[in-house]
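Report on the following structure.
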2 protein chains.
Amino acid sequence: MLRLSKLTDYAVVVLIRLGEVDRVAPACVQTSPGLSAGTGVPEPTVAKVLKALAGASLVSSQRGARGGYRLMRPLTEITVADVIIAVDGPIALTACVDGSSVGCDVSSVCAVKGRWDLVNAAIQDSLAAITLADMRMASVPLAFRVPAESALLASAAE
Amino acid sequence: MLRLSKLTDYAVVVLIRLGEVDRVAPACVQTSPGLSAGTGVPEPTVAKVLKALAGASLVSSQRGARGGYRLMRPLTEITVADVIIAVDGPIALTACVDGSSVGCDVSSVCAVKGRWDLVNAAIQDSLAAITLADMRMASVPLAFRVPAESALLASAAE
DNA sequence: GTCTTTCCGGACCGACTGGGTCCTGATTGA
DNA sequence: TCAATCAGGACCCAGTCGGTCCGGAAAGAC
């Protein structure tokens, strides 16, 4: 299917949201419930996504009261490939890439052994060339996307 | 995960196999059992793959006794994107691409609406730039890959 | 020192889909 | 007429993904 997991989709949305809030209220952490409200993604799922992103050092987490998440790099320095790798693991179209022929029981017969690497590398390159800043929809102002968004932002900016 | 389905993997193997046999014995059809033996892919699965490929006009099928399958284009004119589309349907990383926002219940909030098209197009371009001839492993002679391969080929060449 | 808030880690479940099998019918050549 | 082969559908099983829940740990507030 060559389909991306929904988690990755959510991760991009959440990261862009973090980036926009950071632009309005810099150095302000965002909690997962807040990010859930701001993106429409269910809260436990946001938490799961954020955990993966924190593991990949794309966001930093702060525990305790008034804790939350914050971007570690600007959106212009985060590529789509970074996000995919953080959430779904290394990009591997088939089981045969990166030399690990484990699980391939026909490797002795396989006529394309090792050649998926070619395709894999091509895709990886195109993904690494697109940053989240490229994907942000600049035309829609933040305040118009969510009801009570402005109130939420105002409280976050304090 | 950004993973390709196994069916697509098999399809590439089968197509390359068809291309190599065609080079040795041109204008000779291959049956699915024969292709199964030549690729190590289970026979019913080969049949399923071939059906999809025939539907996309990548191979032509001939019914009846001494029927079988044959390439409709040389490997140099079949791209990886062609195969993926034939087997798995149109390349669509997320549910949001190609404008069909069906199934996306947060489209009103979504900050990246329509922006996955960018990524999708990039991937599609890189896949359309790689042909099956690029993926063929030229260094391994056909006859060395399958036991009794030469016998099989000899009978096919009649 | 205690309490609240928030992150962390794991377990768990339902639904979907991909991979594989089987069967019946249609078509073609011997 | 018969045998060989493709065509198409129904079906099942297993793996994975998306989503939920729970208890525990850390950090700040009171």
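In what follows, every chain begins at residue 1, and chains take the letters A, B, ... in the order their sequences are listed.
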Starting at the 5' end of DNA chain D, which residue's closest nucleotide do you reach first, Gly67(B) or Pro44(A)?
Gly67(B)
Do the side-chain N or O atoms of Tyr10(B) get closer than 4.0 angstrom to the phosphate oxygens (OP1, OP2) of dG19(C)?
no
Kindly point out which of dC7(C), dG10(C), dG8(D) is positioned nearest to the side chain of Pro33(A)?
dC7(C)
Looking only at the side chain of Tyr69(B) (C-beta and beyond, no hydrogens), which of the listed nucleotides dG10(C), dA29(D), dC6(D) gets closest?
dC6(D)
Among dG20(C), dG18(D), dA29(D), the nucleotide that comes nearest once only the side chain of Ser5(A) is considered:
dG18(D)
For atom CG of Leu4(A) and atom P of dC17(D), their distance in whole Å
12 Å
What contact category does Pro42(A) fall into here, base, sugar-phosphate, or nothing, at under 4.0 angstrom with non-hydrogen atoms?
sugar-phosphate
Of the candidate nucleotides dG19(D), dA7(D), dG10(C), which contains the atom at the shortest distance from the side chain of Lys48(A)?
dG19(D)
Joint hydrophobic cluster, Leu50(A) plus Met72(A), side-chain heavy atoms closer than 4.5 Å:
no
Side-chain N or O of Ser61(B) closer than 4.0 Å to phosphate OP1/OP2 of dA7(D)
yes
Grab the CD-P distance between Gln62(B) and dA4(D) for me, whole Å please.
17 Å
Look at the side-chain heavy atoms of Ile, Leu, Val, Met, Phe, Trp and Tyr, link any pair under 4.5 Å apart, and say whether Ile130(A) and Ile16(A) land in one connected group.
yes
Whole Å only: how far is the CD atom of Glu43(B) from the P atom of dG19(C)?
17 Å
For the side chain of Asp134(B) and the backbone of Thr131(B), is there at least one donor-acceptor N/O pair under 3.5 Å apart?
yes
Sidechain-backbone polar pair: Ser61(A) side chain, Tyr69(A) backbone, donor-acceptor under 3.5 Å
no
Distance check needed: dC3(C) C1' versus Arg66(A) CZ, whole Å only.
17 Å
Roughly, in whole Å, what's the span from CG in Leu50(A) to P in dG18(D)?
16 Å
Val80(A) versus Thr8(A): any side-chain heavy-atom pair under 4.5 Å?
no
Within less than 4.0 Å of OP1 or OP2 of dC6(D), is there a side-chain N or O belonging to Ser32(B)?
yes
Arg70(A) CZ - dC7(C) P separation (whole Å)
13 Å
Please give, in whole Å, the distance from dC6(D) C1' to Leu35(B) CG?
13 Å
With a cut-off of less than 4.0 Å, is there a side-chain N or O of Thr45(B) near OP1 or OP2 of dG20(C)?
yes
Residue Leu7(A), side-chain heavy atoms: nucleotide from dC8(C), dG8(D), dG18(D) that is nearest
dG18(D)
Side chain of Arg63(B) only, heavy atoms from C-beta on: which candidate in dG20(C), dC7(C), dT28(C) is closest?
dT28(C)
In whole Å, I'd like the distance from the CG atom of Leu53(B) to the P atom of dC6(D).
14 Å
